[in-house]
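Below is one structure, written out as structure tokens; comments come after it.
Predicted model only: the values in this text are computed from it and were never measured.
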Amino acid sequence: MEVERILWGVFIASLMVAASIAIWGIASRPNLVKKLIALTILGDSACLFIAAAGFRVPYGELPQPPIAGYPRPVDPLPQAMVITAVVIELGLVLVLASIAVRLYEHEGSLSLPEILVREEVEAEEAIEE
Amino acid sequence: MANTMVPRGAVAVLLLVVGIALGAALGLMGFVAPRDELSGVSRDIVRLSAAQEPLTAYAPAYVSAILWDFRGTDTLFETGVVFVAIAVSLALLKGSTPIPLSSPSPVLRTVVRIHLPVALSVAAALALNGHVTPGGGFQGGVVAASALLIALLSGLKAFPPGLSGMVAIRTLGLFLVMLLPLTPVALGHLYGVEGYVFQHQAKPNAPLSAFYTVNGVRLSLSIPMYNSLELAAIAAGFTIALWMLLRGGE
């Protein structure tokens, strides 16, 4: 039981580490696609954490699915919330990826600092004219 | 060069704050290990879902019961959000440059020919059995969309609906998902009885109800219908959106 408790703690800690790395990725990576990947990792880590919050396994037993007939099913409410979150996240990633594709076609780069510098230079040139 | 990168010190502070906030949230929730008992709301949902008709839709899978029975309106609007996201993506990607793809290998084409019917069967099973086993319309739709996209990328020549047909399937699926909850209200007006939006089973003052079983097969009222429509809408929508992401306006 002690080993399983430790493994559970490792699992939760790894989710937190994944979420923290994802936030670092969103904040620090200049490439838009990498930011998008980090955003996806953050969303999936949060969803997995919420689903894990519904676990009610006594150590040593297999988790029982949330179906009628099982005496000790896992909590179904977090799973229902996670399904909604995953669906919305998928839609969001789709829109962001489409924006990234169009931005690349327009600017020729996916690096946010480069794009912003170019926009600043173009604005200054427009003012000078 | 404009400094648009967040300074490393700020990122470190941000991570520290996030870590402390997560740890505090876990501690406050008392969540250090899996709990032995369900929360109050979940206990009621499990008790009511496991009850026999006519109290609930009696969907043995509690998650489907939550999605389409207990909080059906939330799922309805979530489907609408996905539809809007796909529509926005299609509008943005129309006319974009296709990504050059190498010609698919014969190995891929052969494997896809074997894999595609199996994957579509799994998707249909996930959706149609979503009310009795873990699964549902969205899960089946995503499996179907993945299989169809792989088939398209492998150079599948015979694709009966075509991309325009997939747009029609997506729109029809969404339209019917939006229309089905209003059916009890319309039927109520027709028969001169009460009817509520998302009414699955008969209520004391509203006698309209779908079927619990047909020939001994459990239907959980209208939940399989919602799952099937969601399967069609999600599979068609994501196939088109992902295909346009790769091939642009082609």
Side-chain angles (χ1 to χ4, degrees), chain A residues 5 8-9 12 15-17 19-21 23-24 26-30 49 52-59 63 65-69 72-84 86-88 90-99 101-102 104-105 112-117 119-120, chain B residues 1-6 8 10-11 14-15 18-19 22-23 26 29 31-39 41-42 45-46 49-50 58 60-63 65-67 71 74-75 78-79 81-82 84-86 88-89 92-93 96-97 132-134 136 138-139 142 234 238 241-242 244-245 248:
Chain A
R5 187 184 285 270
W8 178 262
I12 297 295
L15 286 178
M16 283 198 245
V17 166
S20 303
I21 291 172
I23 293 172
W24 170 80
I26 293 169
S28 68
R29 307 309 298 168
F49 177 72
F55 252 51
R56 53 190 294 244
V57 177
Y59 293 117
I67 301 173
R72 287 178 54 83
V74 296
D75 198 333
L77 205 52
Q79 295 185 19
M81 287 192 280
V82 160
I83 287 179
T84 306
V86 165
V87 172
I88 302 298
L90 196 51
L92 175 69
V93 166
L94 199 55
V95 172
L96 291 176
S98 307
I99 291 172
V101 165
R102 279 311 215 177
Y104 180 74
E105 284 177 3
L112 205 52
E114 277 182 34
I115 293 171
L116 292 173
V117 162
E119 297 283 318
E120 275 182 24
Chain B
M1 184 183 250
N3 184 14
T4 58
M5 302 300 297
V6 178
R8 285 174 195 266
V11 173
L14 182 69
L15 288 177
V18 167
L22 278 173
L26 284 175
M29 286 192 303
F31 182 70
V32 292
R35 292 175 294 179
D36 283 337
E37 295 302 322
L38 293 174
S39 61
V41 172
S42 300
I45 288 172
V46 168
S49 292
Y58 192 32
Y62 304 137
V63 177
I66 293 169
L67 286 176
R71 34 144 275 193
D74 198 30
T75 309
E78 161 207 322
T79 309
V81 166
V82 170
V84 168
I86 291 174
V88 166
S89 298
L92 279 170
L93 293 169
S96 62
T97 312
V132 290
T133 59
F138 176 73
Q139 295 88 319
V142 168
I234 294 291
F238 278 120
L242 292 171
M244 291 268 296
L245 200 58

Completion exercise
For Leu38(B) and Val74(A) the tightest heavy-atom approach is CD2-C, 4.2 Å
Fill in the blank from the handout: Scored by heavy-atom pairs under 4.5 Å with chain B, the best of Gly91(A), Pro76(A), Pro73(A) is Pro76(A)
Problem - Winner by heavy-atom pair count (cut-off under 4.5 Å) against chain B, out of Ile23(A), Leu77(A), Val87(A) - result: Val87(A)
Handout entry: Results of side chain to side chain contact (heavy atoms under 4.5 Å, CB included) for Ala61(B) - residues two or more places apart only
Key = Ser64(B)
Practice task
Please state whether the side chain, the backbone, both or neither of Val132(B) comes within less than 4.5 Å of a heavy atom of chain A.
Solution key: backbone
Handout entry: Heavy-atom side-chain proximity of Val88(B) to Leu94(A) below 4.5 angstrom
Key = no
Exercise for the section: Under the side chain to side chain contact (heavy atoms under 4.5 Å, CB included) rule, what do Gln139(B) and Ile83(A) come out as? Steps first, then yes or no, please. Expected result: CA-CA 9 Å; Gln139(B) 295 88 319; Ile83(A) 287 179; 3.4 Å; yes
Fill in the blank from the handout: So, the part of Val101(A) with a heavy atom under 4.5 Å from chain B: the answer is side chain
Handout entry: Heavy-atom closest pair, residues Leu93(B) and Ser98(A)
Key = CD1-OG, 3.6 Å
Problem - Separation of Thr97(B) OG1 from Arg102(A) CZ (nearest 0.5 Å) - result: 7.5 Å
Practice task
Select one option (side chain, backbone, both, neither) describing which atoms of Ile66(B) are under 4.5 Å from chain A's heavy atoms.
Solution key: side chain
Exercise for the section: Supply the atom-to-atom distance Ile45(B) CD1 to Asp75(A) CG, rounded to the nearest 0.5 angstrom. Expected result: 8.0 Å
Practice task
Indicate yes or no: at least one non-hydrogen side-chain atom of Leu90(A) is less than 4.5 angstrom from one of Val82(B).
Solution key: no
Fill in the blank from the handout: Okay, Phe138(B) and chain A: the region with an atom under 4.5 Å from a heavy atom over there is side chain
Handout entry: Under 4.5 Å from a heavy atom of chain B, the part of Leu96(A) involved
Key = neither
